[in-house]
Amino acid sequence: MTQLQTMLADTPFVSYSYAYPHKSAYRPFASPLPLREIWEPEDRTDLSLYVHLPFCEYRCGFCNLFTLSNPQTDLATQYLQQLRVEARQVRDQLPDFHFSQLAIGGGTPTYLEPDELAQLFEILQQELHTSPEQIPASIEGSPATLTAEKVTLIRAQGVDRISLGIQSFDEQEALRLGRPQKRKEILQALDLVRSAGFPTLNLDLIYGADGQTAASFRDSLQQALAFRPEEIYLYPLYVRPLTGLGRKQQQWDDHRLALYRAGRDFLLEHGYAQHSLRMFRLEDSTQPHDTQYCCQTDGMIGLGCGARSYTSRTHYSSEFAVGRSSVAAIIAHYLEQKPESFASVDYGFQLNCDEQRRRFLILSLLQTTGLSRDFYADIFGADLLDHFPALEELAEHGLARITADTIILTSTGLERSDTIGPWLYSEQVLQCMETFQCQ
């Protein structure tokens with residue numbers, strides 16, 4: 001039995017596959033790398049900007065993101081002050097950058113008070129000469145932290161996409177996910193967002209909660225569709241170490257595949273097109289986020305503690321943790337940094353030629369459009385199957401269709417994206433992930 005067959009015999013849900021290499025593969029560099037040096041060979045005219053706000057009102061039971069719940073009163077203020085320092089240093093080190101896309105995530109950015117949100121946009125404008133009015137911009141939020149004042153301010157700044165983590169409209173399901181939220185709170189938040197006129201509303205839902213059924217999952221989707229969101233992301237539940245659910249001594253009934261299929265079919269029947277295992281978009285929507293940005297080839301600059309940055313050869317970030325004390329310690333270290341420290345990076349992963357090819361392959365293959373063999377050859381100078389002959393096995397198992405032009409996952413392959421992705425990881429990345437000590 002091959003490695004792929006062994007993996008396919010188990011659950012289709014091995015781990016989230018939406019970035020490569022995974023953050024748990026990052027390690028300290030032998031010596032700090034100057035920003036100017038790692039970005040010098042890169043095209044800096046079409047970059048993505050990501051800003052990370054690592055604060056939430058509470059940590060959901062399934063969450064292993066880099067975030068701190070209920071921080072001390074003045075921590076957000078200190079954080080924004082340091083964010084300005086970091087942004088200024090990035091501007092000075094990379095004066096010829098141009099951003100084509102902006103995302104503000106976390107954590108929960110809408111945890112910030114209105115005056116703090118205004119300060120965040122001011123930092124972007126003053127230090128990086130970047131405004132949501134100029135480029136497609138997205139922000140994440142939660143129903144519990146949205147107010148009319150915040151929604152109005154965010155939309156007035158020019159943000160055209162807002163993404164809300166709903167997870168479930170069923171209060172008991174949400175509670176079993178470790179997310180104490182009220183349905184009334186969700187509906188009020190969605191009314192606010194729709195009244196503000198955001199061109200793109202995205203809703204995140206989770207499937208696999210204890211006690212969740214196909215009927216209850218479809219009911220959540222039906223309630224979501226009452227607001228006609230332009231995008232919906234469906235996430236399988238993963239129970240991971242150091243999370244609230246991970247600390248429970250409980251056996252989880254793996255019925256995620258059946259729920260995924262029920263949710264997928266429901267959305268396809270109601271006018272949504274599938275773009276990946278997780279992403280569904282209204283077929284008749286024309287959003288400003290339908291851009292030519294390509295995460296496989298374009299770079300990203302991340303600002304803030306917990307943000308990741310990508311060049312073609314170097315990925316870097318602050319250190320990663322999940323436990324509250326470890327997250328708090330990393331944030332405290334970030335706040336203590338002198339301005340000059342942001343001129344270099346000391347933690348991340350350096351991609352050799354093989355890792356660069358793997359990243360391109362994984363990020364392309366796991367989309368419904370698949371991977372163009374000509375596009376791959378133009379970038380890497382050889383046919384895809386010359387570099388990755390094992391891909392033929394996907395076709396043998398009915399997981400992909402390989403033609404002279406493309407390799408595209410079948411519906412069966414797509415629903416196993418979180419198995420196929422890890423199957424394509426390099427031995428080096430897998431070893432780093434396995435030996436990572438999450439705190």
Side-chain angles (χ1 to χ4, degrees), residues 12-13 16-19 62 101 103 105 136 138-143 160-170 173-174 177 186 189-190 193-194 198-209 212-238 255-291 293-295 362-371 399 408-421:
F13 303 101
Y16 283 134
S17 295
Y18 52 79
F62 54 83
Q101 189 164 319
S138 176
I139 192 169
E140 296 176 5
S142 71
D160 46 48
R161 180 182 184 271
I162 187 166
S163 177
L164 300 184
I166 303 298
Q167 316 316 345
S168 176
F169 282 81
D170 184 305
E173 280 185 3
L177 286 167
I186 297 174
L190 290 172
V193 170
R194 275 315 191 198
F198 285 88
T200 303
L201 166 64
N202 174 70
L203 302 182
D204 291 343
L205 297 175
I206 281 183
Y207 55 92
Q212 189 178 35
T213 65
S216 68
F217 188 38
R218 282 193 296 266
D219 182 65
S220 275
L221 288 168
Q222 186 69 64
Q223 294 187 61
L225 263 56
F227 295 89
R228 203 64 175 163
E230 283 73 24
E231 295 176 359
I232 295 181
Y233 275 71
L234 304 182
Y235 289 94
L237 174 65
Y238 282 95
H255 57 306
R256 289 171 291 182
L257 184 56
L259 292 173
Y260 159 76
R261 289 172 175 171
R264 174 201 62 194
D265 294 347
F266 182 88
L267 291 179
L268 294 180
E269 291 166 4
H270 286 80
Y272 286 80
Q274 186 171 15
H275 291 259
S276 68
L277 173 68
R278 282 168 261 281
M279 182 188 177
F280 296 80
R281 179 183 291 166
L282 265 179
E283 291 189 286
D284 59 358
S285 64
T286 54
Q287 306 122 281
H289 278 73
D290 293 330
T291 67
Y293 177 77
C294 178
C295 65
I362 292 167
L363 296 185
S364 301
L365 183 61
L366 302 186
Q367 306 298 312
T368 55
T369 50
L371 193 159
L399 302 176
I408 300 177
L409 294 181
T410 62
S411 60
T412 303
L414 194 65
E415 66 186 19
R416 285 164 171 76
S417 293
D418 283 357
T419 296
I420 293 171

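- The main-chain N or O of Gly208 is found under 3.5 Å from a side-chain atom of Gln212 such that the two form a donor-acceptor pair.
- The shortest heavy-atom contact between Pro143 and Gly165 is CD-O, 3.6 Å.
- Closest heavy-atom contact between Met279 and Tyr233: SD-OH, 3.3 Å.
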For Leu259 and Leu234, what are the C-alpha separation, side-chain angles and deciding distance, and is it a side chain to side chain contact (heavy atoms under 4.5 Å, CB included)?
CA-CA 10 Å; Leu259 292 173; Leu234 304 182; over 6 Å; no
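- Nearest approach of Arg218 to Ala262, heavy atoms of both residues: NH1-CB, 3.7 Å.
- The structure places CD of Glu415 at 8.5 Å from CG of Leu277, a figure rounded to the nearest 0.5 Å.
- Remark: the backbone N or O of Arg228 is paired with a side-chain donor or acceptor of Arg194 at under 3.5 angstrom.
- Side chain of Thr368 to main chain of Gln274: a donor-acceptor pair is present (N/O by atom type, distance under 3.5 Å, no hydrogens or angles).
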Between Leu203 and Leu201, is the side chain to side chain contact (heavy atoms under 4.5 Å, CB included) condition met? List the steps.
CA-CA 7 Å; Leu203 302 182; Leu201 166 64; 3.8 Å; yes
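- The cationic group of Arg261 does not satisfy the cation-pi geometry with Tyr207, failing either the under 6.0 Å distance to the six-membered ring centre or the 45° limit from the ring axis.
- A distance of 8.5 Å separates CG of Asp204 from CG of Leu164, quoted to the nearest 0.5 Å.
- Side chain of Ser220 to main chain of Phe217: no donor-acceptor pair is present (N/O by atom type, distance under 3.5 Å, no hydrogens or angles).
- Taking the six-membered ring where the residue is Trp, Tyr16 and Tyr18 present tilted rings, their angle falling between 30° and 60°.
- A heavy-atom distance below 4.5 Å is not found between the side chains of Ile206 and Ser168.
- Using a 4.5 Å heavy-atom threshold, the side chains of Leu366 and Asp418 count as separate.
- Distance check: Ile162 CD1 to Ser138 OG gives 8.5 Å after rounding to the nearest 0.5 Å.
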Applying side chain to side chain contact (heavy atoms under 4.5 Å, CB included), run through Phe13 and Leu237 and close with a yes or a no.
CA-CA 9 Å; Phe13 303 101; Leu237 174 65; over 6 Å; no
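- Residues Gln367 and Ser276 approach most closely at OE1-CB, 3.9 Å, considering heavy atoms.
- Remark: Asp219 CG to Phe266 CZ distance equals 9.0 Å, nearest 0.5 Å.
- Contact detail for Pro236 and Arg256: the closest heavy-atom pair is CB-CD, 4.2 Å.
- Rounded to the nearest 0.5 Å, atoms CG (Leu409) and OG1 (Thr369) are 10.0 Å apart.
- In this structure, CG in Leu365 is found 10.0 Å from CG in Leu399, a value given to the nearest 0.5 Å.
- Closest approach of Ser17 and Gly421 over heavy atoms only: OG-CA, 3.7 Å.
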Pair His275, Glu231 - check side chain to side chain contact (heavy atoms under 4.5 Å, CB included), show working.
CA-CA 10 Å; His275 291 259; Glu231 295 176 359; over 6 Å; no
